[in-house]
Colleague: 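Here's a structure for you.
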Amino acid sequence: MASGLTVMEFHQKYFDPKTVLSKYFIPEAELKQDIFTQRGERLARFFCTGNVKGDILIKYGGSFVLSSLLPACEFFNEIIIIDFLNSSIKMVDQWRKQEPGSFIPSELEKDRQMWIEKEEKIRKAIKLVINAEICEPHLVAPGLPAQADCILSEFCLEFLNKDKEGYVKALKSMASLLKLGGCLILHAFLDCTFYIMGSIKFPVICLSEEFVRKAVIRSGFAIKELHVTPRTIKTLYSTVDFTSTLLLIACKEKDTE
């Protein structure tokens, strides 16, 4: 990491969501099935049970990966996006305005025309995009109208915090945005220490299943489901070194300090 920069400053300076999309979402991307397709299919099945619904869903971080909102927008009146990186916010704004060259890929749709129609549905569901700051111990998210019924956070906290204690504090900050009884859907990389984008190497907090489980409980949640999916693509460890991905679904039981 560049000398003198915090993890957040490093990402603000060097992170490029368009490069991520071109590397991991194009049809021929080797890791696409490993990281995104399985997660997308599992999310679709979960939302389509109809067990989680309400007024507000927050997409927390990773805002340029919006295809996970396809099933979610059927069950919530409003979707609010909270992100911390200027480049991600800019890309989402360009997509919402349908500027030339902007796109959001989907790992679930093979029919392009059907995906275009669903993109418009997501655009209408998104009511607010907030450029926030991760702070300790509270998240600054100006303009948030109310606590949410559901928060969806995908591959975010392990990238933007410097250590495990920061991860827990950020998780508690995220929990403060959720109603009691609300649902947390959390995706994370396990055993990951870095990923490379272009010529830049980005640090990642190395998480274990046990640590994430304890951190979520410590943040006021009761875990309802937890799935760990081992990595099947055994190449490209020089690009990103995770060994598995985690999907956790939890219910907020209490507020914590």
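None of the values given here were measured: they were computed from a predicted structure.
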Colleague: Begin with the C-alpha distance, continue with both residues' side-chain angles, and end with the deciding distance and a verdict on side chain to side chain contact (heavy atoms under 4.5 Å, CB included) for L247 and I185.
Modeller: CA-CA 7 Å; L247 168 61; I185 303 172; 3.8 Å; yes
Colleague: Out of curiosity, S87 OG to K13 NZ, how far, rounded to the nearest 0.5 Å?
Modeller: 14.0 Å
Colleague: Restricting to non-hydrogen atoms, name the atom on D255 and the atom on L180 that form the minimum distance, rounded to 0.1 Å.
Modeller: N-CD2, 4.1 Å
Colleague: Is the backbone of N86 close enough, under 3.5 Å, to the side chain of Q12 for a donor and an acceptor to pair up by distance?
Modeller: yes
Colleague: Suppose the criterion is ring pair (Phe, Tyr, Trp, His ring centres under 6.0 Å): which pairs have a residue in residues 197-232, not counting sequence neighbours?
Modeller: F10-F202, H11-F202, Y167-F211, Y195-F202
Colleague: Could you check whether any side-chain heavy atom of V7 comes within less than 4.5 Å of a side-chain heavy atom of N161, counting everything from C-beta outward?
Modeller: no
Colleague: Could you work out, with ring pair (Phe, Tyr, Trp, His ring centres under 6.0 Å) as the rule, every residue matching F75, not counting sequence neighbours?
Modeller: none
Colleague: Go through F189 and L246 one step at a time and tell me if the side chain to side chain contact (heavy atoms under 4.5 Å, CB included) criterion holds.
Modeller: CA-CA 6 Å; F189 286 118; L246 176 145; over 6 Å; no
Colleague: Ignoring hydrogens, what is the shortest heavy-atom contact between A188 and E158? Give both atom names and the distance.
Modeller: CA-OE2, 3.3 Å
Colleague: Tell me, please, which residues at least two apart from F76 pass ring pair (Phe, Tyr, Trp, His ring centres under 6.0 Å).
Modeller: none
Colleague: Nearest 0.5 Å, please: how far is CG in L178 from CG in L57?
Modeller: 9.5 Å
Colleague: Is there a donor-acceptor pair closer than 3.5 Å between any side-chain N or O of K214 and the backbone N or O of V216?
Modeller: no
Colleague: Return the set of residues passing salt bridge (charged side-chain N to carboxylate O under 4.0 Å, His left out) with R218 (not counting sequence neighbours), or none when no residue passes.
Modeller: E165
Colleague: Does K53 have any side-chain hydrogen bond (donor to acceptor under 3.5 Å, both in side chains) partners at least two apart in sequence or in another chain, and if so, which?
Modeller: none
Colleague: How would you list all residue pairs meeting salt bridge (Lys or Arg N to Asp or Glu O under 4.0 Å) that involve residues 174-187, not counting sequence neighbours?
Modeller: D149-K179
Colleague: Going by heavy atoms in the side chains, are C206 and V204 under 4.5 Å from each other?
Modeller: no
Colleague: Heavy atoms, side chains only, cut-off 4.5 Å: are I130 and I80 in contact?
Modeller: yes
Colleague: Please walk me through it: do L190 and S208 pass side chain to side chain contact (heavy atoms under 4.5 Å, CB included)?
Modeller: CA-CA 5 Å; L190 298 182; S208 67; 5.8 Å; no
Colleague: Side-chain contact test, heavy atoms from C-beta onward, threshold under 4.5 Å: evaluate it for C192 versus D241 and give yes or no.
Modeller: yes
Colleague: Tell me whether V228 shares a hydrophobic cluster with L248, the cluster being built from Ile, Leu, Val, Met, Phe, Trp, Tyr side chains joined at under 4.5 Å.
Modeller: yes
Colleague: Is there a side-chain contact between Q98 and R123, using heavy atoms and a 4.5 Å cut-off?
Modeller: yes
Colleague: Apply salt bridge (charged side-chain N to carboxylate O under 4.0 Å, His left out) to E209 and list each qualifying residue two or more places apart in sequence or on a separate chain.
Modeller: R213
Colleague: Using the rule that two of Ile, Leu, Val, Met, Phe, Trp, Tyr join whenever any of their side-chain heavy atoms come within less than 4.5 Å, decide whether I217 and L157 are in one cluster.
Modeller: yes
Colleague: For K164, which residues count as a salt bridge (charged side-chain N to carboxylate O under 4.0 Å, His left out) partner, sequence neighbours excluded?
Modeller: none
Colleague: Taking only residues two or more places apart in sequence, or in another chain, which ones meet D93 in a side-chain hydrogen bond (donor to acceptor under 3.5 Å, both in side chains)?
Modeller: none
Colleague: According to ring pair (Phe, Tyr, Trp, His ring centres under 6.0 Å), who are the partners of F194, at least two apart in sequence or on a separate chain?
Modeller: none
Colleague: Minimum heavy-atom separation for I79 to C73, with atom names?
Modeller: CD1-CB, 3.8 Å
Colleague: Just by distance, do the side chain of K172 and the backbone of A175 share a donor-acceptor pair under 3.5 Å?
Modeller: no
Colleague: Scan residues 61-90 for pairs that pass salt bridge (Lys or Arg N to Asp or Glu O under 4.0 Å), counting only residues two or more places apart or in two chains.
Modeller: E74-K121
Colleague: In terms of hydrophobic clustering (I, L, V, M, F, W, Y; side-chain heavy atoms under 4.5 Å; direct or indirect links), are L5 and F159 co-clustered?
Modeller: yes
Colleague: Step by step, work out the side chain to side chain contact (heavy atoms under 4.5 Å, CB included) result for I249 and L186.
Modeller: CA-CA 6 Å; I249 298 168; L186 178 69; over 6 Å; no
Colleague: Compute the ring centroids of Y60 and F84, then answer whether they are less than 6.0 Å apart.
Modeller: yes
Colleague: Rounded to the nearest 0.5 Å, how far apart are SG of C183 and NZ of K224?
Modeller: 10.0 Å
Colleague: How many angstroms lie between atom CD1 of I56 and atom CG of L177, to the nearest 0.5 angstrom?
Modeller: 10.5 Å
Colleague: Please tell me if the side chains of R96 and V129 come closer than 4.5 Å, counting only heavy atoms from C-beta onward.
Modeller: yes
Colleague: Got a sec, which residues hit side-chain contact (heavy atoms from CB on, under 4.5 Å) with T243, two or more places apart in sequence or on another chain?
Modeller: D191
Colleague: Would you say L184 and M174 make side-chain contact, with heavy atoms under 4.5 Å?
Modeller: yes
Colleague: For residues A132 and I82, report the shortest heavy-atom separation together with the two atoms involved.
Modeller: CB-CG2, 3.6 Å
Colleague: So, do C150 and I58 sit near enough that their side-chain heavy atoms are less than 4.5 Å apart?
Modeller: no
Colleague: What distance separates S219 OG from K252 NZ, expressed to the nearest 0.5 Å?
Modeller: 10.5 Å
Colleague: Looking only at heavy atoms, what is the nearest atom pair of R231 and F242, with distance?
Modeller: NH1-O, 2.9 Å
Colleague: Grab the two heavy atoms, one from M197 and one from F15, that are nearest each other, plus how far apart they are.
Modeller: CE-CA, 3.5 Å
Colleague: Roughly how far, to the nearest 0.5 Å, is OG of S238 from NZ of K201?
Modeller: 10.0 Å
